[in-house]
Participant: 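The structure follows.
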Amino acid sequence: MIDPFGRSVTYLRVSVTDRCDFRCVYCMAEDMSFLPKAEILSLEELDRLCSAFVAKGVRKLRLTGGEPLVRRNVMWLIERLGRHLQTGALDELTLTTNGSQLARHAEGLVKAGVRRLNVSVDTLDPARFRKLTRWGRLEQVMEGLAAAKAAGLRIKINAVALKDENEEEFDDLIAWCGREGFDLCLIETMPMGDIDGDRTAQYLPLSLVRARLARRWTLEDTDYSTGGPARYARVAETGRMLGFITPMTHNFCESCNRVRLTCTGTLYMCLGQEDAADLRASLRASPDDTLLAAAIDEAIGRKPKGHDFIIDRRNNRPAVPRHMSVTGG
Ligand code: SAM
Ligand code: SF4
């Protein structure tokens with residue numbers, strides 16, 4: 001699949017549910033209304049959709065959400081998708097998770113062919129963790145991480161950089177990741193969806209964070225890339241990678257290789273734009289995939305050049321009305 005700007009689309013991110021067992025302050029309002037169950041694709045339909053993308057040249061699949069591991073029977077889907085790894089059609093099947101359910105699923109994930117995970121941990125302080133996730137328990141996530149590590153999964157920690165919240169903790173996070181053998185990626189907040197708080201108060205530019213970290217750590221620039229928007233440095237003292245995802249201060253759209261599918265079968269060609277394609281209608285219109293394949297081609301033909309996130313300081317309105325948990329982070 002080649003888009004109008006010559007970019008090859010080889011990476012599909014799938015939000016398998018918009019629900020979550022946490023309510024992170026930058027991601028959701030405490031009192032969220034979720035999609036009615038009837039609108040959500042069945043696991044069989046998600047398998048069919050993902051497989052149609054694999055048939056069209058997608059080499060990497062990432063399941064996300066909401067929290068992917070709270071969807072009932074999600075392991076069935078993960079095992080089914082694992083067959084594309086065995087045939088060689090897919091290079092990688094992976095997940096972004098909050099880690100709360102990892103203790104019971106880590107071994108099953110490895111059996112299905114998953115080798116790497118992104119796990120979100122914004123703070124190592126249990127009280128702050130509770131405050132930032134509203135409903136989460138750090139201890140449970142730590143147990144999940146230990147199980148994932150024991151099962152042989154490689155782990156990258158994602159931490160959203162939040163002004164006045166975890167900004168004093170990045171040294172500790174770097175040191176902890178070094179000890180555990182995890183890579184770390186810091187993420188700037190993106191203005192997506194209504195939350196209860198004030199986003200301009202949360203925003204912390206990573207250029208500032210990086211300059212501060214460089215006083216304590218030796219950050220060696222690398223051209224290491226996982227095909228995504230993160231710029232990586234190697235931390236000489238720990239030997240681990242430290243990534244910076246800066247959608248607000250750096251435009252990474254020119255090398256974008258991805259599209260995003262929601263759990264209702266809506267395809268977003270860009271995280272920061274509203275334009276979308278309804279693949280559920282084509283999926284359900286016929287048991288064979290001809291219509292679906294045509295709808296996918298048509299959508300890729302509309303992939304926009306890029307996004308323009310702006311935290312609107314006057315209105316304090318999100319630039320994109322849908323929540324990150326709908327499109328998947
Ligand atoms: N529940 C899983 C998790 O937390 O990892 C997967 C979904 S979550 C939406 C994916 C990633 O998006 C997480 O690392 C989360 O911290 C990040 N995220 C959520 N809302 C965000 C926002 N407004 N700006 C930047 N990152 C955000
Ligand atoms: Fe849930 Fe992930 Fe959003 Fe936190 S960031 S509320 S864990 S979907």
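Treat the numbers as computed from the prediction; the structure is a model and nothing was measured. Numbers for residues simply follow the sequence, beginning at 1. Order of appearance sets the numbers: ligands from 1, and atoms from 1 within every ligand.
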Participant: Under 3.5 Å, is there a donor-acceptor pair between the Glu237 and Thr218 side chains?
Facilitator: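 Thr218 and Glu237 do have a side-chain donor-acceptor pair below 3.5 Å.
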Participant: Linking I/L/V/M/F/W/Y whenever their side-chain heavy atoms sit closer than 4.5 Å, directly or via other members, would Val54 and Leu291 fall into one cluster?
Facilitator: no
Participant: With only distance considered, is Gly66 within less than 3.5 Å of ligand 1 through an N or O on each side?
Facilitator: yes
Participant: Given Ser100, Ser120, Ser15, identify the one with the heavy atom nearest to atom 13 (C) of ligand 1.
Facilitator: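 Among Ser100, Ser120, Ser15, the closest heavy atom to atom 13 (C) of ligand 1 belongs to Ser120.
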Participant: Does a salt bridge link Lys149 with Glu180, judged by any charged N lying under 4.0 Å from a carboxylate O?
Facilitator: yes
Participant: Taking distance alone, with no angle check, do Asn118 and ligand 1 share an N/O pair under 3.5 Å?
Facilitator: no
Participant: Which protein non-hydrogen atom lies closest to atom 6 (S) of ligand 2, naming both residue and atom, and how far is it?
Facilitator: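 For this ligand atom, the closest protein heavy atom is Cys24 N, 3.2 Å.
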Participant: For Ser120, state whether at least one heavy atom is located under 4.0 Å from any atom of ligand 2.
Facilitator: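 So Ser120 does not count as touching ligand 2.
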Participant: Could a heavy atom of Glu188 be found less than 4.0 Å from some atom of ligand 1?
Facilitator: yes
Participant: Decide yes or no on salt bridge (Lys or Arg N to Asp or Glu O under 4.0 Å) for Arg128 and Glu169, but give the supporting numbers first.
Facilitator: CA-CA 11 Å; Arg128 185 173 292 134; Glu169 272 198 69; 2.5 Å; yes
Participant: For Val119, which part has a heavy atom under 4.0 Å from ligand 1: side chain, backbone, both, or neither?
Facilitator: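 Val119 to ligand 1: no contact under 4.0 Å from either part.
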Participant: I'd like to know if Arg23 and Asp31 make a salt bridge, using a cut-off of under 4.0 Å between side-chain N and carboxylate O.
Facilitator: no
Participant: Quick one: which of Cys24, Gly65, Cys20 has a heavy atom closest to atom 8 (S) of ligand 1?
Facilitator: Gly65
Participant: Just wondering, are more than 12 heavy atoms of other shown residues or ligands nearer than 6.0 Å to CD in Glu107?
Facilitator: no
Participant: Which of the numbered atoms in ligand 1 are under 4.0 angstrom from any heavy atom belonging to Thr97?
Facilitator: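 Near Thr97, the atoms of ligand 1 are 2 (C), 3 (C), 5 (O).
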Participant: So, is Met190 polar-close to ligand 1, with some N/O to N/O distance under 3.5 Å?
Facilitator: yes
Participant: Counting both backbone and side chain atoms, is some N or O of Thr189 under 3.5 Å from an N or O of ligand 1?
Facilitator: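 By distance alone, the answer is no.
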Participant: Suppose I only count heavy atoms of Val160 and a 4.0 Å limit; which atoms of ligand 1 are within that range?
Facilitator: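 Listed by number with element: 16 (O), 26 (N).
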Participant: Applying salt bridge (Lys or Arg N to Asp or Glu O under 4.0 Å) to Lys156 and Asp183, what does each step give before you reach the verdict?
Facilitator: CA-CA 5 Å; Lys156 186 173 82 185; Asp183 288 334; over 6 Å; no
Participant: Should Glu167 and Lys163 count as an ion pair when the cut-off is N to O under 4.0 Å?
Facilitator: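 Answer for the salt bridge query: no.
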Participant: At a threshold of 2.8 Å, where the distance has to be below it, does atom 3 (Fe) of ligand 2 have an N, O or S atom of Cys27 nearby?
Facilitator: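 Yes, since at least one N, O or S atom of Cys27 sits under 2.8 Å from atom 3 (Fe) of ligand 2.
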Participant: Just which atoms of ligand 1 are under 4.0 Å from any heavy atom in Cys27?
Facilitator: 19 (C), 20 (N)
Participant: If we count only N and O atoms by modelled type, under 3.5 Å, do the side chains of Thr290 and Asp288 hold a donor and an acceptor together?
Facilitator: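 Note: Thr290 and Asp288 side chains meet the donor-acceptor criterion.
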Participant: For ligand 1, which atoms have a heavy atom of Thr64 less than 4.0 angstrom away?
Facilitator: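 Contacts of ligand 1 toward Thr64, numbered from 1: 6 (C), 7 (C).
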Participant: Ignoring angles and geometry beyond distance, decide whether Glu67 reaches within less than 3.5 Å of ligand 1 through its nitrogen or oxygen atoms.
Facilitator: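 In this structure, Glu67 places an N or O atom under 3.5 Å from an N or O of ligand 1.
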Participant: Atom 2 (Fe) of ligand 2: which protein heavy atom is closest, and how many Å away?
Facilitator: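 Answer for atom 2 (Fe) of ligand 2: Cys20 SG, 4.5 Å.
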Participant: Under a 4.0 Å threshold between the charged nitrogen and the carboxylate oxygen, would Asp196 count as salt-bridged to Arg134?
Facilitator: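 Looking at Arg134 and Asp196, the cut-off is met.
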Participant: If the threshold is 4.0 Å, N to carboxylate O, is there a salt bridge linking Lys305 and Glu254?
Facilitator: no
Participant: Looking only at heavy atoms, is any part of Asn158 under 4.0 Å from ligand 1, and if so is it the side chain, the backbone, or both, or is it neither?
Facilitator: side chain
